Amino acid sequence: MSLTELESHISFGGEQKRFKHASLTLNCEMNFSIYLPPQYKTQALPVLYWLSGLTCTDENFTTKAGAQAYAAELGLILVMPDTSPRGEQIANDDAYDLGQGAGFYINATEQPWQKNYQMFDYISVELIDLIDNNFNTNGKQSIAGHSMGGHGALMLALRHPDLYYSASAFAPIVNPSQVPWGQKAFRHYLGNDPQAWQTYDSCFLLEHYQAEPFPILIDQGTADNFMPEQLQPEALEKIAKNRNWPLTLRLQQGYDHSYYFIASFIENHLAFHKQYLS
Ligand SMILES: N[C@@H](CCC(=O)N[C@@H](CSC=O)C(=O)NCC(=O)O)C(=O)O
């Protein structure tokens, strides 16, 4: 599949680029951003996929997290996909938490979403193939994300331990089938079948996980207005403790839900993933 370059900027000795491509999985044109660190000029490198949250595109993390400086030191490729299919012909909703910008990284089965909202397959199959076929990767990848994207990162890694070496999240929605953001999205995209909801719920997936465990790091700000109702990271921590799972939950005093929080700890997340990708 061919890529069209939209932007290219030198950043910390590497290159910050943006591409568009035709997605066969989502039946539309998609953009993604990629950071290629300086080491990329001479060697194949591992990839960290970053999944953003509600209302975001590929550009929120790229422009706000300050991750390029650390990726340049560590020799990590960063890939930032969009958060949903996009376009005038694509189903949408006026609310910020449904439709475009709110794909929830799942494969929709309900109308009018099913034709385009196949984000689970896009991230775990089409995008990995696209990146590996067009860039000099070493075939190793990990995954991280924020809020809705934190849900996506944990859920995709729990569903695909064959693909991802480690997972991390900022303020993730860990139990989407039990909280308003997730319940709304799942009802629209998946219908009312509780079993379908569970297949995309990190708490359920961790509780029933059978393969080799992989490391998880979660940061959660204590001043995050969304924490009590939507996020509840302790629910996942409790299951992890019962299963002796290597999960670290760090409660960061006074931090909120914003990219100022992400920028404050992104260095730790990149270093965490680098250990497992080396
Ligand atoms: N507009 C909404 C909240 C939208 C919001 O806070 N989005 C977060 C992710 S929330 C979970 O997925 C985000 O990352 N926004 C983009 C940014 O650059 O900050 C509301 O009013 O509640």
Side-chain angles (χ1 to χ4, degrees), residues 7 16 18 31-33 35 48-68 78-86 92-106 108 113 117 119-120 122-123 143-157 167-190 197 200-203 217-236 249 251-252 254-266 269:
E7 284 182 41
Q16 178 65 55
R18 191 170 195 224
N31 295 339
F32 69 86
S33 291
Y35 179 68
L48 179 65
Y49 287 86
W50 172 268
L51 305 184
S52 286
L54 293 165
T55 72
C56 292
T57 68
D58 56 300
E59 292 195 291
N60 294 68
F61 180 83
T62 306
T63 56
K64 290 184 169 182
Q68 292 89 346
L78 304 176
V79 173
M80 285 66 67
D82 204 345
T83 55
S84 74
R86 297 277 178 183
N92 201 2
D93 192 274
D94 288 341
Y96 76 92
D97 54 1
L98 187 69
Q100 296 185 35
F104 270 83
Y105 305 103
I106 68 180
W113 313 104
Y117 284 73
M119 288 297 287
F120 182 89
Y122 175 67
I123 301 292
I143 190 160
H146 171 226
S147 198
M148 174 184 74
H151 138 73
L154 299 173
M155 176 274 291
L156 275 148
S168 78
F170 290 83
I173 307 167
V174 299
N175 207 180
S177 68
Q178 303 301 318
V179 303
W181 270 341
Q183 288 174 333
K184 177 178 176 181
F186 286 9
R187 196 172 62 248
H188 283 270
Y189 297 146
L190 302 172
W197 291 25
Y200 294 110
D201 186 306
S202 291
C203 282
L217 171 65
I218 296 177
D219 272 316
Q220 173 65 58
T222 60
D224 183 334
N225 292 335
F226 295 121
M227 180 161 70
E229 194 184 15
Q230 306 280 11
L231 308 174
Q232 305 170 3
E234 291 91 348
L236 193 69
L249 169 62
L251 295 177
Q252 305 290 4
Y255 285 87
D256 62 18
H257 198 69
S258 70
Y259 266 87
Y260 295 106
F261 166 50
I262 296 171
S264 303
F265 298 103
I266 193 66
H269 284 241

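Values in this document were obtained by computation on a predicted structure and should not be read as measured data. Order of listing sets the numbers, starting from 1, for every ligand and every atom in it.
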Exercise for the section: May I ask you to test the E234-L251 pair for a side-chain heavy-atom distance under 4.5 Å? Expected result: yes

Completion exercise
For N60, the atoms of ligand 1 under 4.0 Å from one of its heavy atoms are 16 (C), 17 (C), 18 (O)

Completion exercise
Among Y260, F61, F170, Y96, the residue with a heavy atom nearest to atom 2 (C) of ligand 1 is Y96

Fill in the blank from the handout: For S147, the atoms of ligand 1 under 4.0 Å from one of its heavy atoms are 10 (S), 11 (C), 12 (O)

Exercise for the section: Going by heavy-atom distance to atom 4 (C) of ligand 1, choose the closest among N225, T55, D97, T57. Expected result: T55

Exercise for the section: Would you mind running through ligand 1 and noting each atom that sits below 4.0 Å from a heavy atom of K64? Expected result: 17 (C), 18 (O), 19 (O)

Handout entry: Any N/O pair H257/ligand 1 closer than 3.5 Å
Key = no

Fill in the blank from the handout: Per-atom filter on ligand 1: closer than 4.0 angstrom to a heavy atom of M148 are 11 (C), 12 (O)

Exercise for the section: Check whether any side-chain heavy atom of T83 lies under 4.5 Å from a side-chain heavy atom of N60, and answer yes or no. Expected result: no

Handout entry: ligand 1 to L54 polar contact by distance, N or O atoms, under 3.5 Å
Key = yes

Exercise for the section: List every atom of ligand 1 that sits less than 4.0 Å from any heavy atom of F226, numbering the atoms from 1 in the order shown and giving each element. Expected result: 6 (O), 22 (O)

Exercise for the section: Look at the side chain of T222 and the backbone N and O of G254, then say whether any donor-acceptor pair between them is shorter than 3.5 Å. Expected result: yes

Problem - Y35 side chain reached by L48 side chain, heavy atoms, under 4.5 Å - result: no

Fill in the blank from the handout: NE2 (H151) and CG (L236) are apart, to the nearest 0.5 Å, by 12.5 Å

Handout entry: Heavy atom of protein inside 4.0 Å of atom 21 (O) of ligand 1, strictly below
Key = no

Handout entry: Test of ring centre spacing under 6.0 Å for H146 and Y259
Key = yes

Practice task
Taking only heavy atoms of H146 into account, list the atoms of ligand 1 that are under 4.0 Å away from them.
Solution key: 9 (C), 14 (O)

Exercise for the section: Write down the atom of L98, the atom of N92, and the distance for their closest heavy-atom approach. Expected result: O-OD1, 4.0 Å

Fill in the blank from the handout: Out of G53, C56, A65, the nearest non-hydrogen contact to atom 14 (O) of ligand 1 is supplied by C56

Handout entry: Distance flag, aromatic centroids of F170 and H269, threshold under 6.0 Å
Key = yes

